[in-house]
2 protein chains.
Amino acid sequence: MSKDSAEGASTRTGIKAVAALAGVGIASVSRVLSGQPGSSPQLTQRVLDAARQLGYAPNALAQGLRRRATRSIGFVGSDITNPLIASIVSGAEGVLSLAGFSVLLTNSGGVASVDAERIEVLLQRQVDGLIVLPALEDDPATLAALRNTKAPVVLIDRTLPEDIVAHYVLSDHYRGVGDAARHLLASGHRRIGLVVGRDVRPTRERIRAVEDAFDGLGVARDLLVHRGMLSAEHGEAALEEMLAGDAPPSAVILGGNQLLEGALRVIHRRGLRLGIDLSLVCCDDVPLSRFHQPPIATVMRDPDLLGKRAAELLLGQLETPSAVEPVCLPTWFEPRASCGTWSEKIPTKTAAKIPGTRRRRAAASTDLVRE
Amino acid sequence: MSKDSAEGASTRTGIKAVAALAGVGIASVSRVLSGQPGSSPQLTQRVLDAARQLGYAPNALAQGLRRRATRSIGFVGSDITNPLIASIVSGAEGVLSLAGFSVLLTNSGGVASVDAERIEVLLQRQVDGLIVLPALEDDPATLAALRNTKAPVVLIDRTLPEDIVAHYVLSDHYRGVGDAARHLLASGHRRIGLVVGRDVRPTRERIRAVEDAFDGLGVARDLLVHRGMLSAEHGEAALEEMLAGDAPPSAVILGGNQLLEGALRVIHRRGLRLGIDLSLVCCDDVPLSRFHQPPIATVMRDPDLLGKRAAELLLGQLETPSAVEPVCLPTWFEPRASCGTWSEKIPTKTAAKIPGTRRRRAAASTDLVRE
DNA sequence: TTGAAAGCGCTACCAC
DNA sequence: GTGGTAGCGCTTTCAA
């Protein structure tokens, strides 16, 4: 038993030190500092004074243990180094920290087994909820880990088997990529290359979108799909391979922003003129892509919003659990010179980055003219 | 008192459920699962079986409370959306998670008061250590928060007053920017613009580096320093202002990667030819900057390594606290066409991104020829 | 080698 | 209104 009958000021500033200094019971301190009603003004003041005097801050571990809630959430993503993911995390963190939640961040490096392991660690840490961007949609270990918890889970851009209880924030890839494909087809392209990642929702949606674009315009499907990692290396290899084939596509859609750097290496190496020798569309914005010569046409979305919505959804579930429809956020095609005879100038106004402006969808697919 | 004398299997799988199922004492379970020696093989096996059978995972909150260590660290940065910061976080997270630590991530948005508040939150959560990139080096609230803890603190690219016990991982901005400035001066530039952020170490080092470059080459100091936020908006405003002046600089160094986008807006808007009408050097890499026409000369560093070193330093302190010299990591100037008569081609090989290659310093400043 | 029991710092229940 | 006190799930003496 510690020397508790003493003045208490020397103790490692816990709640009982405050109680001792204020000359009140430990429970009263807790009540006052937790903002619970039912304490006299005097007592409240005494507690507050003592707490301030001691520089007391409650131990969140003990609170969490007792309350069975930590006000922390876990985020597991593949790679925060990808600006897309970074924006999602940033959006989520903003909402969560405003709500008094902390974020435990984890990178899986896109390895499914790591996803599973990290989810488990976060659950051990008693996070109140999880935002996950798993590498795969059907990894048994990941699914098991997810099934293993009562904490609400929000998935971003992934759909899981029905038996998993989870909530979804998705992107309408179908729309943006479809618009892009229609633009290309309407510009006269007849053979389109599509570089995609593993078999997850965005990949499936993008393929479907391009296929439907062919069908919708009555053009014979001629789609080269290249699957692999969404890395610069794979972008380089994929494009190289496509172009080296017998009948290379005249237009390529990159289903991931990391692919762009690799693709550009190929393009510069081969001395291809984008928009003339080859049309290129990238999915998801990359910082300087609009300053490239020519600017890179892009299927845009608002990743920050994705993170925000995921966080809001999660907070909502913590408040009142309920079945919720998946949230699906817009995606829009921004035609730029890399995809053909498009004369858009390089942006010169700050306005180009103002959120409100960004959200609008390009009217591209409607005001096209067949060549 | 809960119904504890029963079989226990129905209890919310805590350590006592495992003990009950294994038919052993609670302490033995703890010992076995914590990997402590001194348990008979049979007992060990029984505990392991029971734990597996129940899918038991220890509650990290309770462990932390008891052990007075959480195996978690807090990271407070300005904005994870900045690829530089994202890489630092990523590097740190990699090292930490390998060591069994979790990362609590926080964004301050570059607001000093938020820094302080977030540090406090993390300390309440009993993180074992802190990696901080504060907005300011002399914010009283931040300093107070930092002084307030016994947990080791590692600062990245900042130096604090001596009375704060902290460890440092710094970048040798002086070298890289100095090389850049010498390159510019040797190329004939006589008036150099420098856009920097607030008065923190990188800013001071960069200014000093350029000044010393002037002095070292015996050129009369003609340096235009523009201070502000390191944002695209400020990059745009700063460059615009510099160019609008009576005697605009012929070369500009951007002391922050976020400035580049803004600067490029000005440059494209004005139709300036980089490397001819204006020479430009950016500090810290931006994804596509080497694919820009012309490629953007850059003062490089390895931000991932910065994060790794910070994490390693922190882990070291947790193991054995000790006074440690600040770590200072290299920075190197990569001249590219944006800074003048330089004929470097756009990279065509994947090799351009291989770490080993990156680390070497450009020999730029030595093999220059006065014009 | 093993287990009982004392707390880690806090909240919430209950009696005053 | 206020203050004891039980106990969140765990680790760690200490005795057996």
Side-chain angles (χ1 to χ4, degrees), chain A residues 1-5 8 11-48 50-51 54-71 123-126 128, chain B residues 1-5 8 11-48 50-51 54-72 123-126 128 150:
Chain A
M1 182 182 307
S2 55
K3 50 193 76 174
D4 49 5
S5 54
T11 319
R12 211 201 268 77
T13 294
I15 197 173
K16 47 170 60 144
V18 179
L21 181 60
V24 302
I26 211 178
S28 298
V29 176
S30 174
R31 245 183 269 117
V32 169
L33 296 181
S34 312
Q36 289 177 46
S39 294
S40 71
Q42 305 98 298
L43 187 146
T44 302
Q45 199 49 53
R46 293 238 303 280
V47 169
L48 257 27
L54 293 175
Y56 170 75
N59 180 323
L61 251 39
Q63 289 182 314
L65 185 59
R66 189 53 241 246
R67 292 182 170 153
R68 300 182 164 290
T70 54
R71 296 191 82 78
L123 291 176
Q124 276 187 224
R125 289 191 183 273
Q126 313 298 121
D128 294 340
Chain B
M1 173 183 317
S2 56
K3 48 192 77 173
D4 51 5
S5 56
T11 320
R12 211 201 270 76
T13 290
I15 198 173
K16 46 169 61 145
V18 179
L21 180 60
V24 302
I26 212 181
S28 298
V29 176
S30 174
R31 246 182 267 117
V32 169
L33 296 181
S34 313
Q36 289 177 46
S39 294
S40 71
Q42 305 97 298
L43 187 145
T44 302
Q45 199 50 51
R46 293 239 301 282
V47 168
L48 257 28
L54 293 175
Y56 169 75
N59 180 322
L61 250 41
Q63 289 183 315
L65 185 57
R66 191 51 241 246
R67 291 183 172 152
R68 299 180 164 293
T70 54
R71 296 190 82 78
S72 69
L123 291 176
Q124 276 188 225
R125 290 191 182 274
Q126 315 296 123
D128 294 340
K150 287 222 58 173

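The analysis underlying the following values was restricted to heavy atoms, covering all of them including side chains, and did not include hydrogens, waters or symmetry mates. Predicted, not measured: the structure shown is a model, and the values here were computed from it. Just so we're on the same page: letters track the sequence lines, and every chain starts at 1.
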Measure across [X] and [Y] and return the closest heavy-atom pair with its distance rounded to 0.1 Å.
{"X": "A/Gln126", "Y": "B/Ala60", "answer": "OE1-N, 4.4 Å"}
{"X": "A/Ala22", "Y": "A/Ala50", "answer": "CB-CB, 3.8 Å"}
{"X": "A/Gly23", "Y": "A/Arg46", "answer": "O-NH2, 3.5 Å"}
{"X": "A/Arg31", "Y": "A/Ser39", "answer": "NH1-OG, 4.2 Å"}

Calculate the interatomic distance between [X] atom [atom1] and [N] atom [atom2]; express it in whole Å.
{"X": "A/Gln36", "N": "C/dC14", "atom1": "CD", "atom2": "P", "answer": "15 Å"}
{"X": "A/Leu33", "N": "C/dA12", "atom1": "CG", "atom2": "P", "answer": "13 Å"}
{"X": "B/Ile15", "N": "D/dC8", "atom1": "CD1", "atom2": "P", "answer": "13 Å"}
{"X": "A/Lys16", "N": "D/dT5", "atom1": "NZ", "atom2": "C1'", "answer": "12 Å"}
{"X": "B/Leu123", "N": "C/dG9", "atom1": "CG", "atom2": "P", "answer": "16 Å"}

Quick one: pull up [atom1] in [X] and [atom2] in [Y] and give me the separation to the nearest 0.5 Å.
{"X": "B/Arg125", "Y": "A/Thr70", "atom1": "CZ", "atom2": "OG1", "result": "6.0 Å"}
{"X": "B/Tyr56", "Y": "A/Gln124", "atom1": "OH", "atom2": "CD", "result": "8.5 Å"}
{"X": "A/Arg71", "Y": "A/Gln63", "atom1": "CZ", "atom2": "CD", "result": "10.0 Å"}
{"X": "A/Leu65", "Y": "B/Leu61", "atom1": "CG", "atom2": "CG", "result": "6.0 Å"}

Under 3.5 Å, which protein N or O atoms sit close to an N or O of nucleotides 2-5 of chain C? Give each pair with its distance.
unit_1, atom_1, unit_2, atom_2, d
C/dT2, OP1, B/Ser40, OG, 2.6
C/dT2, OP2, B/Ser40, N, 2.6
C/dT2, OP2, B/Ser40, OG, 3.3
C/dG3, OP2, B/Gly25, N, 2.9
C/dG3, OP2, B/Ser28, OG, 2.6
C/dG3, N7, B/Arg31, NH2, 2.6
C/dG3, O6, B/Arg31, NH2, 3.0

For this session: Name the nucleic acid region contacted by A/Gln126, choosing base, sugar-phosphate or nothing; use a 4.0 angstrom heavy-atom cut-off, strictly under.
Result: nothing

Exercise. Taking it one step at a time, do A/Ser30 and A/Arg66 satisfy side-chain contact (heavy atoms from CB on, under 4.5 Å)?
Worked result: CA-CA 12 Å; A/Ser30 174; A/Arg66 189 53 241 246; over 6 Å; no

Exercise. Listed in order of residue number, which residues of residues 60-68 of chain A have a non-hydrogen atom at under 4.0 Å from DNA chain C?
Worked result: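 Correct list: A/Ala62, A/Gln63, A/Arg66, A/Arg67.
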
Exercise. Bend across the helix from C/dT1-D/dA16 to C/dC16-D/dG1, to 10°, with axes taken over 5 pairs at each end?
Worked result: 40°

Exercise. Going through the distances and angles, do B/Leu48 and B/Leu33 end up as a side-chain contact (heavy atoms from CB on, under 4.5 Å)?
Worked result: CA-CA 8 Å; B/Leu48 257 28; B/Leu33 296 181; 3.8 Å; yes

Exercise. Under 4.0 Å between a side-chain N/O of A/Ser30 and OP1 or OP2 of C/dA12, yes or no?
Worked result: no

